[in-house]
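Worksheet: the structure to be examined is printed underneath.
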Amino acid sequence: MFRAFPAICLVLLVSLPAWALNAGLGAPPPTVDRQTPQSTVKGFLAEAHAGNYAVAAHYLDLDFLARDKQVETGAQLARRLKFVMDRKLPVDLSTLSSEPEGDPAEARFDQIGSISLEGAEVPIRVQRVLGNGGTPVWVFNESTVKEVDRLFSAYGPVLTEVLPDVFFKRTVLGLEAWQWLGLLVILFGGWALSLLLERLSLAFTMRLARWTKFTWDDALVSAGRGPLRLPYYAALVAVGTSMLLLPRPIQTLFARLSYSLTIIAVAWFILRFLKVSSLYVQERVASKNPNDADRIRGLSTQLAVLQHVLEVATYVVAAALLLMQFEVVRNVGVSLLASAGLAGLVIGLAAQKSISTLLAGIQLSVTQPIRMGDKVVVEGEFGTVEEISLTYVVVRIWDNRRLVIPIAQFLDKPFQNWSRSHSEMLGEVILQVDYFADIDVLRAELKRILENEGRHLWDGKVQSVVVLNVLDKTLSVRALVSADSNNLFDLRCLVRERLVVFLRGRPGWLPTVRSETRPVTPAGEQGAPVPAPAPRA
């Protein structure tokens, strides 16, 4: 009996009001839920972020303080603990016990985590104690609450000692007045400062670029105007908001904003870099090889298609990086791909045509059956390749119409390319002349035409006149000439016109229709026609 006396006395003392938990705070409001470790931490963070620090103090073990100081000091400690946890201790409520008895492995307390301070780890714990009426409740234990001031001195806001108390007393949407003021300064002041940093950086790099003989770096520096501003702004926002000790959801929002701005800036600069580099390479090759039109056109085709491919890849990668930072989108995408096999199959079949078209564009840029500026005959139309994209080719027809053709057609169907390997082509002119026409004289006339009227069209390589065919009444003569693909049509027309004029001056060489007349054989001679019998009356 005497052995049980201390335990009985302890129970009686705990049940007395003088020994009630946090007696200086009074009875906790009905909204305070301290039944489990999880509800305690969740309730404390909710009340503290709402600015109800007096209510949040009920989640702390303040019995080490005098009763008359628990109200004021408890609210101050709750506020400071909120800032420390928001900055240094991300809370995962799922790791905390949701049972009133706590974790069976360690029923005395449940540890949220630990924070480094002066080379040591300070544990942040909630502990099960006896509350009002002797009911067990969970609160932040005494050792944790005693370390709040030291943690706040190391990780709390430095403006606490500078600004008046009015900036710290009330909260709006979970933020105190000094935090709202800091956000305005960071968002607007950061934009102005980023503009200034961009101009200073571009001015400095442009001065360095002008020391070189190349013009590519000058254009590249100019292309940075705009994209360079966003990383500066993102860095200023990230650094500035981290100093405001914002609640973790809001801090995460600004962190993702800074990350997104950085991705957009990089993608923006890559697109400009591709454009500037493509133009520089084309100008460089054109200046070194002004007479090598084939090489210039081939390079322009490769650069155009390669630029389109890299631009599409940049958009895709940038969009993927932007979406991957959102957990909801990433999880939904993974679950859809894992569970909706039929939907994935349908999407794959639907995208098959687009993917094949994209691959056809890449294959065309590598094999180059056509190039920019090539003379082609496709769909029965003669024209010049004006534009090559990843999905279609634009051909400018001779009458300035534009023929838009799917790029896969140039890989699947035959077409004529008059300037594939070289621009020299042969053209023929067919004439019908009489048997008495002198072919050698026609050869001499063709040579005279090419060396005089056609000297600006003829390339001086091929000229010939041959009898192509012998018909029953005429000779088919072919005049063969060579010229650049751009001049061949005009040269053929010129040769045809001049040879017709030449033949017109020699009527005997023109095709004629001959007839032969024979005398009638006298009657009675052998072979004479037999007269027809006279008709009867």
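Computed from a predicted structure; not experimentally measured.
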Taking all heavy atoms of [X] and all of [Y], pick out the closest pair and write down the distance.
X: Thr40; Y: Val139; result: CG2-CA, 4.1 Å
X: Phe254; Y: Leu183; result: CZ-CD2, 3.6 Å
X: Leu230; Y: Trp191; result: CD2-CZ3, 4.3 Å
X: Val148; Y: Arg80; result: CG1-CB, 3.7 Å
X: Leu403; Y: Val378; result: CD2-O, 4.0 Å
X: Ile186; Y: Leu236; result: CG2-O, 4.1 Å

Checklist entry - In chain order, what residues pass the side chain to side chain contact (heavy atoms under 4.5 Å, CB included) check against Val317, with sequence neighbours excluded? => result Leu321
Item to check | Minimum side-chain heavy-atom gap Val137-Val129 below 4.5 Å | outcome: yes
Next on the checklist: Counting C-beta onward and ignoring hydrogens, is there a side-chain heavy-atom pair between Met372 and Ile388 closer than 4.5 Å?
Outcome noted: yes
Next on the checklist: Atom CD of residue position Glu72 - does it have more than 12 heavy atoms of other residues, nucleotides or ligands inside 6.0 Å?
Outcome noted: no
Next on the checklist: Check this for me: Phe415, atom CZ, are more than 12 non-hydrogen atoms of other residues, nucleotides or ligands nearer than 6.0 Å?
Outcome noted: yes
Would you mind writing out the side-chain donor-acceptor pairs for residues 21-30 within the sub-3.5 Å range, not counting sequence neighbours?
from	atom 1	to	atom 2	distance (Å)
Asn22	OD1	Leu62	N	2.8
Asn22	ND2	Leu60	O	2.7

Please table the atom pairs, donor to acceptor, closer than 3.5 Å between any side-chain atom in residues 121-128 and protein atoms at least two apart or in another chain.
from	atom 1	to	atom 2	distance (Å)
Glu121	OE1	Ser114	OG	3.1
Glu121	OE2	Ser116	OG	2.6
Arg125	NE	Gln111	OE1	3.0
Arg125	NH2	Gln111	OE1	3.4

Going by the rule salt bridge (Lys or Arg N to Asp or Glu O under 4.0 Å), which residues pair with [X] if we only count those two or more places apart in sequence or in a different chain?
X: Glu142; answer: Lys146
X: Asp33; answer: none
X: Glu386; answer: Arg396, Arg402
X: Glu101; answer: none

Item to check | With Ser194 via side chain to side chain donor-acceptor pair (under 3.5 Å) - residues at least two apart | outcome: none
Checklist outcome for this item: Taken in chain and number order and not counting sequence neighbours, the residues that satisfy side chain to side chain donor-acceptor pair (under 3.5 Å) with Gln70 are none
Item to check | Pairs involving residues 117-146, ordered by first then second residue, that meet ring-ring contact (aromatic ring centres under 6.0 Å, His included) (sequence neighbours left out) | outcome: Phe44-Phe140
Checklist entry - Got a sec, which pairs hit ring-ring contact (aromatic ring centres under 6.0 Å, His included) with one end in residues 87-112, sequence neighbours left out? => result none
With a cut-off of 3.5 Å and sequence neighbours excluded, list every side-chain donor-acceptor pair involving residues 260-270.
from	atom 1	to	atom 2	distance (Å)
Ser260	OG	Arg256	O	2.8
Ser260	OG	Gln325	NE2	2.7
Thr262	OG1	Ser258	O	2.9

Checklist outcome for this item: Result for side chain to side chain contact (heavy atoms under 4.5 Å, CB included) between Pro37 and one of Ser98, Pro100, Ser97 points to Ser97
